[in-house]
Amino acid sequence: MNRQFDDVMLGSIELFCLAAEQGSFTAAAAAASVTPAAVSRSVSRLEERLGVRLFTRTTRQMRLTEAGRGYFEQCRQALNQLVEAEREVSGHQVAPSGLLRISAPTTYGHYRLLPLLPAFRERFPAVKVEVNVSNRNIDFAEEGYDLAIRARATADSSLVSRLLEDTPLVVVASPDYLRRRGTPVTLDELQAHECIQFELPSSGRAIAWLFRRDGQELELQTAGGYACSDDVTAGATLARHGAGVFQAYRFVVEEDLRAGRLVELLRDFGGRSRPHSLLYPHRRFVPLRVRVFVDYLLGERPA
């Protein structure tokens, strides 16, 4: 392999990343025990090599350009991987440490992931955990995440996918709604009911409800005057307050079912689920903090 970077260029990349993290050349220089002029020269060297501006600088502030942000995320990930590779080979990393960045959807984040994190950090106190709880699809390379949890399968061959659980679905309504509108006992009767819709943020289309009838799996498009997007728990909240019928993950409504605030419907047509998977990038050296968290999460997954 031909050599792409000399020692000066690698040092320039390190100083650039330090300047991006610290927010100023002066702070980066102090952290690296060099002069601010040395940091400035390093950044200028990179900008000349790349042919783009990495920072916009005024007398009052300095911030990364759009190109600079993308370059910083890639360089930071590459430098971190070099550090992990050295630790892996030399055996210096006795205990996992560093920042673990995780993306999780709102429902799985609140009901499954977040409750497990205190015990994980008690076991591995040197690992700091940053969790993005939202339903947007993150970009591992651009945003520097280590792991993501998703409710739908991915076709991205650059990602490792590990099944966490097949999450059971259940159809529910409040006792008040059922007193007013009656209880559906067949799938056809859902047409006469207020079915709360959940719309996928990516397409804006209402997601189909999943059932099993006579041993056959089927998808049913329902209709109603309420529609929610981005957060499934909104539909469960509407159902709890008598707005209509809703299909939700069982773990979202199980407390309401036990307390009688919601009633499970159409049990004869149940038994369907959706998978939740743990995703992380394929790479030669997986950081120890990522490996131990993957093992922990798979070990703590619900039966």
Side-chain angles (χ1 to χ4, degrees), residues 3-90 92-104 117 120-121 124-134 136 138-148 280-281 283-293:
R3 188 174 184 188
Q4 301 292 320
F5 304 98
D6 57 23
D7 294 342
V8 173
M9 190 56 63
L10 284 173
S12 295
I13 292 173
E14 287 186 301
L15 288 176
F16 159 70
C17 289
L18 197 54
E21 291 169 351
Q22 297 290 330
S24 78
F25 288 175
T26 302
S33 300
V34 298
T35 65
V39 178
S40 180
R41 284 195 301 271
S42 293
V43 172
S44 296
R45 190 180 296 115
L46 285 176
E47 290 178 330
E48 183 177 351
R49 175 187 174 95
L50 298 170
V52 297
R53 293 292 299 273
L54 298 174
F55 291 102
T56 57
R57 299 181 284 277
T58 67
T59 56
R60 303 188 61 181
Q61 65 175 354
M62 181 187 81
R63 59 186 177 85
L64 288 165
T65 62
E66 183 176 351
R69 279 196 301 274
Y71 187 61
F72 167 61
E73 292 297 342
Q74 295 277 7
C75 288
R76 180 174 63 175
Q77 184 175 342
L79 291 173
N80 286 340
Q81 192 165 344
L82 284 173
V83 172
E84 295 292 343
E86 287 193 351
R87 288 173 173 169
E88 183 85 17
V89 172
S90 63
H92 287 167
Q93 190 169 352
V94 178
S97 62
L99 177 63
L100 182 70
R101 303 190 72 219
I102 309 166
S103 171
L117 295 184
F120 172 77
R121 288 212 65 240
F124 305 106
V127 178
K128 294 182 179 180
V129 180
E130 178 186 310
V131 186
N132 174 267
V133 181
S134 72
R136 70 181 183 87
I138 56 97
D139 186 307
F140 281 96
E142 289 287 335
E143 301 180 64
Y145 281 93
D146 295 299
L147 299 152
Y280 54 96
R283 49 192 171 191
R284 172 70 173 167
F285 296 107
V286 178
L288 183 56
R289 64 181 182 277
V290 174
R291 295 206 309 269
V292 296
F293 185 77

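Starting from 1, each residue takes its place in the sequence as its number.
Between the CG atom in Leu10 and the OG atom in Ser42 there is a gap of 11.5 Å [rounded to 0.5 Å]. For the atom pair CE (Met62) and OG1 (Thr56), the distance works out to 9.0 Å, reported to the nearest 0.5 Å. Note that the CZ atom of Phe72 and the CD atom of Gln77 stand 11.5 Å from one another [nearest 0.5 Å].
Side chains of Ile102 and Tyr145 form no contact here, defined as non-hydrogen atoms less than 4.5 Å apart. Residues Leu288 and Arg291 form a side-chain contact, since some pair of their non-hydrogen atoms from C-beta on lies under 4.5 Å apart. Counting heavy atoms from C-beta on, the side chains of Arg76 and Glu73 come closer than 4.5 Å. Contact of the Tyr71 side chain with the Ile13 side chain is registered, since non-hydrogen atoms from C-beta on lie closer than 4.5 Å.
Arg69 and Glu66 are not joined by a salt bridge, as no carboxylate oxygen comes within less than 4.0 angstrom of a charged side-chain nitrogen.
Here the shortest heavy-atom pairing between Val127 and Arg121 reads O-NE, 2.7 Å. Contact record, Leu100 with Asp146: CA-OD2, 3.5 Å, taken as the closest heavy-atom pair. Considering all non-hydrogen atoms of both residues, Phe55 and Ala19 come closest at CZ-CB, 4.1 Å. Nearest heavy atoms, Ala31 versus Leu18: CB-CD2, 3.9 Å. Across all their heavy atoms, Pro36 and Ala29 have their closest contact at N-CB, 3.4 Å. The minimum heavy-atom distance linking Cys17 with Cys75 is given by the pair SG-CB, 3.6 Å.
Side-chain atoms of Thr65 and Arg53 include no donor-acceptor pair closer than 3.5 Å.
For Arg63, the CZ atom sits in a loose shell: 12 or fewer heavy atoms of surrounding residues, nucleotides or ligands are nearer than 6.0 Å.
Of the possible donor and acceptor atoms, one in the side chain of Arg289 sits under 3.5 Å from a partner among the backbone N and O of Leu99. In this structure, the side chain of Glu47 engages the main chain of Leu54 through a donor-acceptor pair within 3.5 Å.
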Derivation and outcome, side chain to side chain contact (heavy atoms under 4.5 Å, CB included), residues Phe25 and Val34: CA-CA 10 Å; Phe25 288 175; Val34 298; over 6 Å; no
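Ring geometry for Phe293 against Phe120 counts as perpendicular: the plane angle is over 60°, on a 0 to 90° scale with 30° as the lower cut.
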